Amino acid sequence: MTTPASRDVLLTCPLDCPDACRLRVTLQRGEDGAERAVKLTGDAAHPITRGFACAKTVHYPARQNHPDRPLYPLKRVGDDFVRVSWDDALDEIAARLRRVLDEHGPSAVLRYNYAGTMGVREGSHVHAFFRALGAPELDETICATAGSAAWTLGYGSPRMGVDPEDVRHARLILLWGINSLSTNSHLTPWLTMARKAGARVVHIDPYRNKTSLYADTHLKIRPGTDAALALGVSRYVIEKGWHDEAYLARATEGFEEYREAAGEWTLERTSEVTGLTVEEIEDLATAFGTTRPTYIRVGYGMTRHEHGGTNLRAVSLLPALTGDWQHVGGGCTLTTSGAFALNRRRVGAAHLVKPGVGSVNMNELADALTPERGLHAMFVYNCNPAVVAPDSERVRAGMRRDDLMVVVLEQAMTETARLADFVLPSTTFMEHPDVYTSYGHHYLGYNDAALEAPGETRPNSWVFAELGRRLGITEPTLYWTMDELLDHLLDTDHPHLRGITPERLRAEGSVRLTLPESFRPYADGAPTASGRVRLSPAPRHREPLAALTDEYPLRLLTPPAHHFLNSTYGNLARLNAAEGGEPHALVHPDDAERLGLTDGAYAAIESEVGRCVRRVHVTDATQIGVTVVEGTWWGLSAPDGTSINAVTAQTLTDLGGGSTFHNTRVRLVPVPAPDRAPEAAGAVTA
Ligand SMILES: Nc1nc2c(c(=O)[nH]1)N[C@H]1C(S)=C(S)[C@@H](COP(=O)(O)OP(=O)(O)OC[C@H]3O[C@@H](n4cnc5c(=O)[nH]c(N)nc54)[C@H](O)[C@@H]3O)O[C@H]1N2
Ligand SMILES: Nc1nc2c(c(=O)[nH]1)N[C@H]1C(S)=C(S)[C@@H](COP(=O)(O)OP(=O)(O)OC[C@H]3O[C@@H](n4cnc5c(=O)[nH]c(N)nc54)[C@H](O)[C@@H]3O)O[C@H]1N2
Ligand code: SF4
Ligand SMILES: [Mo]
């Protein structure tokens with residue numbers, strides 16, 4: 001019998017995206033006998049994925065089969081890399097690590113990781129190695145912690161959201177600080193269903209993007225002023241008597257204090273602070289006050305400011321004012337991840353974390369890598385800090401230190417990998433098994449390894465187990481198989497996991513959590529100490545310390561690009577071309593005229609932290625005083641080799657120690673067109 005030339009497999013997308021799609025991947029056997037992924041779409045039978053993959057991940061096969069993908073361990077020799085065997089690489093890394101531990105102790109060892117894969121095993125469980133060593137914890141703050149802390153303050157923990165399948169019942173939809181058509185694209189069908197049934201969609205965002213064009217109304221709010229808008233809306237709603245007194249009395253605490261705080265926010269004052277007109281605010285407040293159910297989708301975008309935690313909290317509390325949580329489809333979603341009540345007691349050897357072990361806030365990597373801080377070994381996995389971390393030029397300088405061993409586990413020759421002493425080639429989600437939760441829906445995913453690992457690529461878990469053996473680590477969780485980890489994760493009586501066994505998850509691949517028939521997580525209160533939603537301390541608007549000045553008159557926003565997933569697709573010429581070939585700074589026509597900038601010319605973006613050069617796109621999509629650079633492009637695609645994070649600061653948010661990627665104050669200075677053509681130049685489209 002001959003083997004068929006191609007077959008389809010179903011796999012969960014591992015990327016850091018709320019949609020956690022179930023993908024249909026076509027594998028084809030080449031003439032060399034090896035199977036490769038050649039095509040990718042969405043599973044038509046999956047209730048959320050609904051048969052389509054996003055504009056970026058349809059190109060995952062090109063990323064997976066990329067000619068520059070590292071397939072063998074590499075060791076730095078001077079400015080070059082040489083291929084070495086796994087045994088040589090692991091023996092040498094273990095020996096150098098042993099020396100660092102002997103001379104400096106475990107506090108000199110740092111793991112630096114994020115969500116390149118969201119898999120529980122390859123993403124989180126591998127931390128076991130570092131916990132067994134007693135290395136400092138990494139505070140994983142680069143994305144979600146300002147939002148998590150804000151949500152937890154109001155609603156306790158675990159953090160629940162509205163089921164996306166219920167959104168079709170909403171009659172007003174506020175997409176607030178989220179470009180969901182780009183960053184949560186599998187919500188769109190549910191928005192459209194609601195709209196067909198009569199719902200109105202409002203987008204609240206400082207600049208016009210795909211989501212604004214989809215919405216019925218776009219409110220171009222001034223960045224960092226969401227608490228003011230939420231309080232202004234609240235005052236109006238309370239004044240009109242549209243709040244739900246019964247719900248407030250039954251399910252919340254602190255309403256009197258909240259009412260007082262909102263009382264200061266007249267329409268006029270709200271208008272002055274937010275830059276919206278009185279009519280726009282009155283219209284929003286009226287729609288919100290009189291439409292049930294209202295569904296609010298908040299993104300992490302609005303948290304990436306100095307007071308981003310409070311701003312998000314102010315918005316997230318709005319459904320408590322109107323009692324929207326009592327209605328199916330009403331309420332607010334930041335994340336749905338809290339519904340995944342897996343047993344995580346020993347995931348990543350969490351039980352080994354000792355009090356006082358110390359930690360590094362991942363937003364402060366540039367500081368942590370200065371010689372005085374005494375780090376001598378750094379292991380990077382599932383992350384590209386040379387591009388994504390704030391103050392990235394200083395991050396790069398720190399990684400170049402001779403007295404720091406840098407080991408990077410990677411699927412691509414990122415700029416982080418290029419700075420490594422050792423590059424260890426990693427498998428992708430098609431090549432290793434894993435378990436996936438979601439932060440945008442309620443389906444648990446499981447993938448078998450569908451492809452043989454190409455070259456000598458290995459899963460992260462294999463690498464850390466091999467290093468653990470060489471260092472004599474006896475902690476058993478470090479050596480757990482996938483099946484042992486899965487048994488642990490599902491070893492719980494939690495009702496959401498009732499009926500979900502390892503056998504069933506492996507057989508079905510994607511399983512809906514066992515949620516109640518009508519899922520209304522905060523209909524009767526919240527998992528706080530008092531069992532009530534906390535409106536106290538009342539959220540308040542504050543202006544950033546980094547206020548705009550004559551020297552730095554513009555606010556820079558750096559939100560996600562439609563065709564990238566953070567920096568994950570930055571090495572695909574096709575997706576770079578789809579984003580205009582090189583990064584662009586969107587500048588309002590009035591600002592452009594004042595600054596002497598023309599469309600297509602180049603400007604230096606200068607902040608207190610650093611400088612980068614970008615091509616200018618003059619457009620009224622943005623607002624006066626705000627410039628927008630979409631996408632964390634690879635520096636290699638920028639005219640001056642920098643990441644946009646060359647200009648962003650390590651400043652932390654008011655809650656949760658989060659990142660402030662939209663807080664940067666900058667000036668734009670015209671510069672001549674740079675000599676070096678962008679590496680991945682494509683057609684520049686307006
Ligand atoms: N295509 C694509 N999808 C992605 C990603 C990607 O890079 N590309 N990244 C993934 C990741 S890691 C994450 S965390 C998620 C979410 O990633 P986020 O960065 O949270 O993106 P959004 O949630 O879409 O929110 C960004 C929006 O917030 C707006 N914004 C900025 N400041 C303010 C403000 O002060 N107030 C208000 N109201 N709005 C503001 C921005 O203009 C932008 O349109 O997306 C994921 N999905
Ligand atoms: N200026 C600015 N900066 C930002 C943001 C922004 O909006 N503006 N967004 C921030 C946000 S929200 C986030 S979440 C971070 C994201 O930052 P990162 O978590 O670094 O995400 P990516 O840039 O996608 O890089 C992930 C890397 O992990 C690798 N990877 C994937 N799977 C595996 C695996 O199984 N094993 C190994 N070893 N490697 C793997 C990929 O090849 C990729 O290079 O960036 C942050 N940085
Ligand atoms: S990146 Fe997000 S939208 Fe795209 S396929 Fe993956 S989970 Fe789906
Ligand atoms: Mo993120």
Side-chain angles (χ1 to χ4, degrees), residues 14-19 54-56 63 69 112-119 122-123 126 140 142-144 147 175-185 203-212 219 221-226 229 297-305 308 311-312 315 362-363 380-385 387-390 392 408-412 414 416-417 424-429 431-432 434 439-440 458-460 463 555-571 622 626 628-632 634 643-645 647-648 659 661-664:
L15 298 179
D16 186 355
C17 165
D19 298 9
C54 62
K56 45 203 185 291
R63 175 178 191 275
R69 178 172 171 193
Y112 199 86
N113 56 275
Y114 203 62
T117 171
M118 302 263 291
E122 302 306 333
V126 287
E140 297 180 19
I142 204 161
C143 175
L175 304 171
W176 197 324
I178 183 167
N179 179 8
S180 73
L181 266 79
S182 291
T183 62
N184 183 194
S185 53
H203 186 220
I204 305 175
D205 197 297
Y207 83 108
R208 187 171 68 237
N209 50 44
K210 285 199 181 342
T211 305
S212 331
L219 300 177
I221 190 171
R222 191 164 71 86
T225 64
D226 301 279
L229 182 58
R297 181 64 163 104
V298 286
Y300 291 96
M302 90 170 80
T303 69
R304 310 204 194 290
H305 294 269
N311 290 348
L312 183 120
V315 176
M362 73 185 295
N363 293 318
V380 182
Y381 48 99
N382 310 331
C383 198
N384 186 11
V387 171
V388 306
S392 54
V408 176
L409 287 68
E410 252 304 352
Q411 304 165 338
T414 61
T416 299
L424 303 180
S426 304
T427 44
T428 73
F429 76 109
E431 300 152 357
H432 56 233
D434 216 329
Y439 58 101
R458 297 285 184 273
N460 300 338
V463 173
R555 187 73 61 196
L556 170 69
L557 309 181
T558 61
H562 185 74
H563 296 91
F564 297 153
L565 196 293
N566 302 322
S567 73
T568 289
Y569 290 108
N571 56 342
T622 185
V626 174
V628 180
V629 177
E630 289 184 331
T632 27
W634 288 29
S643 162
I644 189 63
N645 285 314
V647 302
T648 62
S659 56
F661 292 117
H662 305 323
N663 188 57
T664 318

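Quick caveat: nothing in here was measured; it's all calculated off a predicted structure. When a ligand or atom number is given, it counts from 1 through the structure's own listing order.
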Check each atom of ligand 1 against the heavy atoms of His562 and keep those under 4.0 Å away; list them by number with element. 1 (N)
Val380 pairs by side chain to side chain contact (heavy atoms under 4.5 Å, CB included) with which of Leu424, Asn113, Val408? Val408
Between Glu630 and Lys210, is the closest basic N to carboxylate O distance under 4.0 Å? no
Between Asn179 and Pro560, is there a donor-acceptor pair closer than 3.5 Å when you use the side chain of the first and the backbone of the second? no
Might you point out which heavy atoms bring His305 and His662 nearest each other, and give the distance in Å? CE1-O, 3.1 Å
Pairwise side-chain contact, Thr117 with Gln411, heavy-atom cut-off 4.5 Å (strictly under): no
Side chain of Trp634, backbone of Thr414: donor and acceptor closer than 3.5 Å? no
Under 4.0 Å from one or more heavy atoms of Pro223, ligand 1 contributes atoms 35 (O)
Have a look at ligand 1 and work out which part of Asn209, if any, has a heavy atom under 4.0 Å from it: side chain, backbone, both or neither. side chain
Decide whether an N or O pair under 3.5 Å exists between Thr225 and ligand 1. no
Which protein residues have a heavy atom closer than 4.0 Å to any atom of ligand 2, listed by chain and number? Asp16, Arg63, Tyr114, Ala115, Gly116, Thr117, Ile142, Cys143, Arg304, Asn382, Cys383, Asn384, Val388, Leu409, Glu410, Gln411, Thr414, Ser426, Thr427, His432, Asn460, Thr558, Leu565, Asn566, Ser567, Thr568, Thr632, Ile644, Asn645, Phe661
Which atoms from ligand 1 have a heavy atom of Ser182 less than 4.0 Å away? 1 (N), 2 (C), 3 (N)
With heavy-atom distances below 4.5 Å as the criterion, would you say the side chains of Ile178 and Thr211 are in contact? no
Closer than 4.0 Å to some heavy atom of Gly224 - which atoms of ligand 1 meet that? 34 (C), 35 (O)
Output the list of atoms in ligand 1 that are nearer than 4.0 Å to some heavy atom of Tyr207, sorted by atom number. 42 (O), 44 (O)
May I ask you to check whether Arg222 has an N/O atom sitting below 3.5 Å from an N/O atom of ligand 1? no
Could you pull out the closest heavy-atom pair between Tyr300 and Cys143, with the gap in Å? CD2-O, 3.8 Å
Do Phe661 and Ile142 touch side chain to side chain, with heavy atoms closer than 4.5 Å? yes
Look at ligand 1 and say whether His563 reaches it with a heavy atom at a distance under 4.0 Å. no
Residue pair Asp16 / Tyr439, side-chain donor-acceptor N/O under 3.5 Å: yes
Could you tell me which atoms of ligand 1, counted from 1 in the order shown, lie closer than 4.0 angstrom to a heavy atom of His305? 32 (N), 33 (C), 34 (C), 35 (O)
Contact between Pro14 and Asp434 at the side-chain level, heavy atoms closer than 4.5 Å - yes or no? no
